[in-house]
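Quick notes on the structure that follows.
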Number of protein chains: 2
Amino acid sequence: MINWSIEENGFNKERATGLGNKFLTGNGYMGIRGTLEEYKKEQLPAINLSGIYDQAGEGWREPLNAPNGLFTRLVVEGEEYILPEKECVSHNMSLDYRHGIFRRLTRFCTAKGDIVLETERFASMKEKHLICLKVKVTPFFEGDFEIITGIDSDVWDINGPHYEQLDSFQIQDSIFASGITHECREEVFVGETIDSTFPFQERIEYSQKYVIRHLSVKGKPGKEYCLHKYISVYTSKDMKNYREKAIRLLSAAKEKGFQKLIEEHMKIWEEKWKVSEVFIEGDDEAMEALNYSLYHLHSIAPRHTKSLSIAARGLSGQTYKGAVFWDTEMFMLDFFLFTEPEVAKTLLRYRIDTLSGAKKKAKHYGYEGAFYAWESQEGGFDACSDYNVTDVFTGRPMRTYFKDKQIHISAAVAYGIMRYVEYTGKDDLLKEGGGEVIIECARFYYSLLVKRVNKENYELWDVIGPDEYHERVNNNAYTNRMAKFTFDAAIKILEMEEEFEAEASKIEPDQKRREKKVLLDNFRDGVKHLYIPQPNDENGVIEQFDGYEQLEEATVSEIKSRLLHEKEYWGGAYGVASHTKIIKQADVITMLNLFSNEYDKEILYKNWAYYEPRTEHGSSLSACMYSMVACKCSMADKAYPLFLKSARADLEEGGKQWAGLVYIGGTHPAAAGGAYMTAVEGFGGIYIENGVLKAKPDLPSHWTKLRFQIFYMGELYQVTITKKEVHIEKIKRESNEKSDT
Amino acid sequence: MINWSIEENGFNKERATGLGNKFLTGNGYMGIRGTLEEYKKEQLPAINLSGIYDQAGEGWREPLNAPNGLFTRLVVEGEEYILPEKECVSHNMSLDYRHGIFRRLTRFCTAKGDIVLETERFASMKEKHLICLKVKVTPFFEGDFEIITGIDSDVWDINGPHYEQLDSFQIQDSIFASGITHECREEVFVGETIDSTFPFQERIEYSQKYVIRHLSVKGKPGKEYCLHKYISVYTSKDMKNYREKAIRLLSAAKEKGFQKLIEEHMKIWEEKWKVSEVFIEGDDEAMEALNYSLYHLHSIAPRHTKSLSIAARGLSGQTYKGAVFWDTEMFMLDFFLFTEPEVAKTLLRYRIDTLSGAKKKAKHYGYEGAFYAWESQEGGFDACSDYNVTDVFTGRPMRTYFKDKQIHISAAVAYGIMRYVEYTGKDDLLKEGGGEVIIECARFYYSLLVKRVNKENYELWDVIGPDEYHERVNNNAYTNRMAKFTFDAAIKILEMEEEFEAEASKIEPDQKRREKKVLLDNFRDGVKHLYIPQPNDENGVIEQFDGYEQLEEATVSEIKSRLLHEKEYWGGAYGVASHTKIIKQADVITMLNLFSNEYDKEILYKNWAYYEPRTEHGSSLSACMYSMVACKCSMADKAYPLFLKSARADLEEGGKQWAGLVYIGGTHPAAAGGAYMTAVEGFGGIYIENGVLKAKPDLPSHWTKLRFQIFYMGELYQVTITKKEVHIEKIKRESNEKSDT
C-alpha cells in the first residue's frame with residue numbers, strides 16, 4: 001500500500017522554489033504553487049491561470065498569475081513570524097495527492113513563547129473558481145497576536161508586471177482585488193471572505209497593490225484559533241457577469257462552510273481515482289511515483305471549458321510562456337483518452353479552434369494548409385521566438401529554428417485527433433472540425449514536399465526533428481513518417497466523405513467535389529513517393545536524418561567534457577553536440593514507438609541499442625520513449641529505470657530551475673504522461689488489434705501485479721496483469737456514471 | 001608619363017612582411033617575396049613554387065617554399081650587418097615593375113667605417129628555373145669584410161616544415177640544397193653558382209639546413225665589389241632529368257653572364273607591355289596603379305607549362321593554401337584572354353585536367369557531374385576545410401560551408417571556358433576536354449535542382465553565393481543565373497556535337513547518342529524551369545536569395561559597432577551580419593555585371609543603389625563589380641574610387657596580414673584582374689555584338705584618353721578612347737609574333 005502523500009520536514013530556503021512545483025495543487029482552471037502563505041513575489045508564489053495571456057512591453061507573452069488571495073502572515077508584538085525571513089522551530093509541509101490538499105505546519109519561537117501556524121488548502125475540484133484555505137493558529141502564551149490576511153496583487157511575474165491598473169475594495173464583508181491587463185484589457189478579479197471560530201478585532205487596509213485584513217486576537221495558551229478563507233478567482237474572459245458570480249460564489253461557500261467544501265472536493269478526486277489509479281503490486285516506489293504523476297495530470301486537466309489545452313509546464317507558472325507544445329498530443333493525451341475521454345476531446349478541440357492561427361502561420365512562411373504553433377497561445381498564436389537561446393559567450397541572442405522548422409508539430413495534432421477516433425470509436429471530433437484540421441495539416445505537408453528533379457522520391461528538407469540539437473536537417477525519419485501518417489489520415493477522411501457524398505447524391509457542388517478529388521490525388525501521391533528512411537541493410541539502424549551517419553562519433557560524457565561553460569547551448573550551429581551523433585532526446589526511437597507494428601522486434605532492438613547510448617536525455621520527453629521501445633523488445637528491466645525517471649520527474653525536484661536570472665522551472669506533465677504510457681502501453685502492453693483491446697505485457701521482474709482501467713470504444717475495461725496471465729474485463733457502470741464525470 | 005617603378009625609403013620593421021607582397025617578383029614558375037637577402041625564416045622570405053604542394057601532419061596542405069638561394073649577409077669584423085637586427089644609415093628598396101627587377105641599397109655604419117650593400121635581382125622571364133642576383137658591396141674603409149652567401153634550406157612555412165629530408169652538397173663550383181617532401185616524396189632541388197669581379201678567399205660550410213660560402217675580401221675604401229649569383233630552382237615534378245638540367249642551367253647562365261641575362265629578361269617584359277600596357281591620359285596615379293596590377297598578373301602567369309592555374313594569393317606565399325578559387329576564371333581570366341590568350345588557355349586547361357577531382361567531389365556529396373573544388377590544389381583536390389573559421393570567443397573551430405555549398409564554382413569554370421571560346425573564336429579548348437567539363441558541370445547542376453512537388457519552378461537550395469556572410473540560403477540569384485548559363489552552354493555544345501554527328505553519319509554508337517539526347521532534354525528542361533529571381537515590381541531590386549528582404553535593415557557602421565571582438569567573424573550562423581542585409585561583397589551586382597545586357601539600365605542602377613550601401617566590401621573581389629556596373633549606369637565618377645581601390649589593392653599594403661598568429665597576407669591578383677576589367681570593360685566599355693568588337697565607353701571626368709590593345713578572334717586590336725571618339729584599329733603584326741609569345 002502507498003501513502004498517497006508526500007512530505008517535507010524542515011525548511012530549506014534554497015529548495016523553496018523547487019518545492020513550489022512538487023507541492024502544486026490545481027483544478028485545471030488554476031494552479032497554486034506549493035509555496036507558503038506568507039510569501040511575497042520574491043519567493044515565487046503563484047496562482048497561475050489557464051488560457052489567459054498578456055504581453056508587457058517587449059517581454060515574452062505569458063500566462064497570468066492572479067492576485068494572491070492566500071496571502072497570510074502572523075504577527076506577534078509587531079514582529080512578523082514568516083518564512084524565509086524568520087527562523088522557525090519546526091516546519092512541515094505535505095501534499096495529499098489523492099485529494100489535492102496542501103498542508104503546512106510551522107512552529108515559531110516568539111519572545112512571549114512559541115506559536116504554531118497550520119494551514120490546509122485546495123483548489124476546489126467542484127467549484128473551479130474557488131480556493132479554500134484553513135488557517136489555524138495555536139499560541140503557547142497568553143496575549144495578543146495578529147493575523148494579517150487578504151489579497152496581494154503585487155504578484156510574481158517573469159515578464160511582467162501584467163496589470164496596468166490595480167484596484168482593491170470591499171463589498172459587504174468580502175474584499176476584492178482587480179487587475180486590468182495591458183494587451184487585451186482583460187480583468188482578473190479575485191475576492192475573499194472569511195469565517196472564524198473566534199472573536200477578533202478587524203481593520204482592513206487598502207492600497208493599489210494589496211487589500212489586507214488585520215485581525216487582532218487575544219490568545220490563550222494552547223488554544224486553537226481557526227480561520228477559513230474562501231477565495232474566488234475569475235477573469236473577464238470566463239463569462240460576462242463574472243463579478244456577480246464571484247460575489248455569489250463567496251457567500252455560497254461561506255454558507256456551506258470549509259468542511260462541506262473539502263468533502264465535496266475529495267469526493268470528486270476519489271471518483272477520478274476510481275478510474276485512473278494504477279495499481280502496482282511489488283513496487284510501492286513505482287506505484288507512488290506513477291500515481292503522483294497522474295495527480296499532476298488531473299490537477300491541470302481543463303474540465304471547466306470545452307476547448308483548452310495544457311501548457312508544457314502545466315499550471316506551475318509562467319515558464320515556457322504557458323504555451324502548448326506537441327507534449328499534449330504526443331505525451332499527455334493517452335492518459336486522458338484512456339481515463340477521461342472528454343478531457344482528451346477538450347484538449348483536441350483547442351487545436352480545432354486554433355486552426356485559423358495555424359493557417360496564418362503556414363501562409364506567413366509561404367506554405368499551404370495548417371502549420372501549428374510550436375508554442376501555442378490563445379488563438380494559436382505562436383509564442384516561439386526566432387531567438388530562443390542566449391549565447392553564454394557573447395550574451396547575444398542566437399537565431400534558433402524551433403518555430404520555423406519543427407514542422408512535425410502539425411502531424412502531432414493530426415495524430416492526436418486520429419488517436420481519439422481510434423480509442424473512442426466516435427467521429428464527433430472529426431465532424432466538429434477535426435477532419436478539416438487533418439486535411440489542412442496534410443495540405444501543409446504536401447506544400448512542403450520537394451523532389452530532386454532527377455529523382456522519384458519526395459523529401460522534406462531543412463527541418464528540425466524532436467532532437468533539437470541538430471538543426472536544419474533533411475529527411476528526419478520521425479518527421480517524414482509523421483507526414484506520411486498525416487497523408488494517410490487525410491486520405492481516410494476524404495474517402496469517408498466521398499462515401500457519404502455518394503450517398504447524399506450530389507448535394508455538394510461539383511467545384512467543391514473536384515477540389516476534394518485533387519486533394520485526394522495529391523495525398524495519395526504524397527504517400528506513394530514520400531521517402532521514409534529505412535533500416536540500414538547492415539546494422540538495421542534507421543538514419544535519423546541525411547548525413548547523420550557521417551557525424552562525429554562521441555559519447556555524452558566526452559561531449560560534456562568539451563563544455564567551456566556549464567550553461568552553454570549544446571545545439572545550434574556550433575554547439576558541442578551539433579556535429580556529433582549525440583542527440584538531445586528520442587527521435588528515431590519516438591518514431592519506432594509510434595509505428596512499432598511496422599518493424600521487426602530485431603530492428604526495434606538494434607535502433608534502441610544504437611541510439612540510447614548516443615542520447616543525452618536532455619528533455620523530459622526522452623526517457624519514456626526509450627522505455628516503451630525497450631518494453632516492446634522484451635527488455636522490461638532496461639525499461640524500468642527510464643520509466644522511473646519519467647515518473648519521478650516532478651518528485652525529484654530535478655530539471656533546470658534557472659537559466660541565468662530567468663526562472664525556467666516547473667512541473668513536467670509530458671513526463672508524467674510518458675510514465676503513464678509506459679506503464680499501460682509499455683509494461684502493460686496495451687494495444688488494439690482489429691477493434692479489440694489486447695495486451696502483450698512485459699512486467700519488470702519485481703512487479704507481481706499491474707492493474708488499471710481504461711476506456712475503449714466508450715466502455716471501461718479493467719486490465720489485470722500478473723506474471724501468469726492477462727485478464728481484461730469490461731466494467732459494468734451505473735447509467736449515471738459517465739466517462740467524463 | 002609614369003615611372004614604372006615604386007620605391008621605399010628607410011627601414012620599418014613592422015612593414016617588412018607587407019612589403020614582401022608589394023615588392024614581389026616572379027615568373028609564373030616561382031614568386032620571390034620582396035624581402036631582403038639577409039632574412040631568415042622569422043622575417044618571412046619566400047621563393048614560392050607554383051603547383052606543388054605538401055601536407056605536414058594535420059596542418060593544411062600548402063604550396064612549397066624552395067630553399068632560399070638568395071641568402072646573403074655581410075660581415076665586418078665578425079659582426080653581421082643585417083636588417084632588421086642592425087640599424088642602418090640609410091635604406092632604399094625599389095621595384096622596376098616594367099621589368100620585374102627588385103633592387104635594394106643599404107648603408108651600414110661599422111666600427112671601421114660605412115659599408116654599402118646593393119643588390120639587384122629577378123626571376124628570369126626567359127629561363128623560368130633561373131633567378132639572378134647581383135650583390136655589390138662598397139666599403140668606405142680599408143680592410144677585410146666577408147660576404148656570406150649560399151642557400152638557406154630552413155625556410156619559412158605556415159604549416160611546415162615540409163622537407164622531411166634535407167641535404168646539401170657541391171658539384172664542381174656549384175652548391176646545391178635538396179629537400180624531400182613528406183607526402184609525395186618530391187624533391188625540391190636548388191643550385192647556385194657565382195662569379196665575381198674581385199678576388200676572395202672561399203670556405204664552404206655545409207649543414208642539413210644550409211650550404212653557404214664564406215667569401216673573405218680585402219676591401220679598399222670606395223671600391224665596388226660585385227658578385228653575381230645564378231640560382232636554379234627545379235622540382236622532381238618538372239621533368240625527369242631535373243638535376244642535370246639544373247647543373248647545365250647554372251653553367252650556361254654563368255657563361256652568359258648577368259648582364260646578358262637581364263637584357264633577355266627585360267626584352268620579354270617589354271614584349272608583354274607592348275600588348276598589355278594600358279595608357280591613361282590625365283591620371284598618372286590610375287595608370288600607375290593599374291599597370292602595377294598588371295605587373296602582378298604577368299609575374300604569376302604560368303607560361304612554363306600548358307596546364308596550371310593561379311592561386312588566390314598568386315605566388316606571394318602559402319596563404320590560402322596556394323589554392324585556386326573562382327578568382328581565376330571570374331576575375332583574372334579576362335586580362336590574359338585579352339592580352340595573352342595562350343595563358344588563358346593554360347589556366348582553363350588546369351580545370352580540364354582536374355575534372356576527375358571535380359567528379360569525385362560531386363560523387364562524395366551524392367551529386368552527379370562535376371563539382372569543382374572551392375580551394376583547388378593538385379588534381380582538383382579540395383583543400384577547403386569544413387572548419388574554416390575559429391570562433392574568437394571560444395577558440396573552437398566553426399563549421400563553415402564554403403566547400404559544400406558554394407556550388408557556383410562549377411559555373412565559374414564553365415563561364416571561363418565559354419568566354420575563351422567567345423573571345424578567341426576557337427574550339428580547341430572545347431575539343432581538348434572543355435566541352436566535357438561544361439557538360440559535367442551542367443549535369444552537376446541538373447542533379448542539384450529541386451522542385452516543390454506542388455510548384456513548377458526548379459530551384460537551388462541550401463547554397464552560399466558570393467556573399468559568404470549568408471550561409472545556406474535558397475535561390476541565390478547569382479548562383480541560379482550561373483547554373484542557367486551552364487545549362488545554356490552545355491546545350492550549345494551538345495547541339496554542335498549533334499550537327500557534327502549528323503554529318504559523320506552515325507559513327508557514334510546508338511547508346512551514346514541516346515545518352516546525349518537525354519542530357520540535352522534535361523538541360524533544356526533545366527533552362528525552361530529554373531527559377532531566376534527577377535526585379536521586384538515596385539523597386540526593381542532583385543532579391544539576393546529567398547528571404548533576404550525580411551532580414552534586418554542595418555548599416556555597415558551599425559554592424560561594426562556591434563562587434564564585441566575586432567576579429568570576430570561577421571558571417572556564419574550568428575555573425576553580426578548574418579541576420580541583417582549587410583553583405584560581404586558584390587553578389588546580385590556580380591550577376592548583373594555578367595548579364596547586364598539582359599537588364600534595363602534602370603534596373604542596373606536601382607540594384608546598384610540598393611546593394612552598394614549594404615556591402616561591406618570585405619573581399620577584394622567586391623569593388624570592381626560595383627565599379628563595372630556603375631560604368632554601365634553611366635556613373636564613371638562613382639565607379640572611379642571603387643576602381644582605384646581594386647587597382648591599388650597591393651600598393652596600399654592593405655588587407656589583413658595576420659589572423660591571430662597565422663599570416664594571411666599576400667597579393668590580390670583577383671583585384672588586379674578586376675581593375676583591368678573595370679578599365680577595359682567598364683570605362684572602356686568593350687563588348688562583343690554579333691561577332692564584332694565594340695565599345696560603349698564612359699570615362700572618368702578627368703581622363704582625357706584611354707588606350708589599350710586586346711586580342712579578339714586571334715587578331716590584335718588597338719582601342720583608343722577619348723571624350724570625343726572611339727577608335728578601334730586592327731594591328732598588323734609580324735608573322736613570327738604570336739599571341740602567346
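Here is how names work: the chains are called A, B, and so on, in the same order as the sequence lines, proteins then strands, and each is numbered from 1.
No part of A:E459 comes within reach of chain B, as not one of its non-hydrogen atoms sits under 4.5 angstrom from that chain. Of the atoms belonging to B:Y367, it is side-chain heavy atoms, and not backbone ones, that fall under 4.5 Å from chain A. Contacts of A:Q550 with chain B are absent, with no heavy-atom separation under 4.5 Å from either backbone or side chain. Contacts between A:D525 and chain B at a heavy-atom distance below 4.5 Å involve the side chain alone, from C-beta outward. At a 4.5 Å heavy-atom cutoff, the contact between A:Y401 and chain B is made by side-chain atoms alone. Residue contact with chain B, scored on non-hydrogen atoms closer than 4.5 Å, involves the side chain of A:V576 exclusively.
Separating the NZ atom in A:K455 from the CG atom in B:L449 is a distance of 12.0 Å, to the nearest 0.5 Å. Between the OH atom in A:Y387 and the OH atom in B:Y574 there is a gap of 10.5 Å [rounded to 0.5 Å]. The OG1 atom of A:T394 sits 8.5 Å away from the CG atom of B:D391 when rounded to the nearest 0.5 Å. To the nearest 0.5 angstrom, A:N474 atom CG is 9.0 Å from B:W461 atom CH2.
The 12-atom threshold is not exceeded at NZ of A:K360, counting heavy atoms of other residues, nucleotides or ligands nearer than 6.0 Å. Heavy-atom contacts from other residues, nucleotides or ligands closer than 6.0 Å to CD of A:E553 number more than 12. Within a 6.0 Å radius of NZ in B:K492, other residues, nucleotides and ligands contribute 12 heavy atoms or fewer.
One N or O on the side chain of B:R472 and one on the backbone of A:R472 form a donor-acceptor pair closer than 3.5 Å. Under the 3.5 Å distance criterion, the side-chain polar atoms of B:R452 are matched with a main-chain donor or acceptor of A:L448. Checked by atom type and distance alone, the side chain of B:Y446 never pairs as donor or acceptor with a backbone atom of A:V453 at under 3.5 Å.
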*Apply side chain to side chain contact (heavy atoms under 4.5 Å, CB included) to A:N454 and B:E368, showing your working.*
CA-CA 10 Å; A:N454 66 345; B:E368 294 175 10; 3.5 Å; yes
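In plain terms, the two heavy atoms of B:L564 and A:R396 that are nearest each other are CG-NH2, 3.3 Å.
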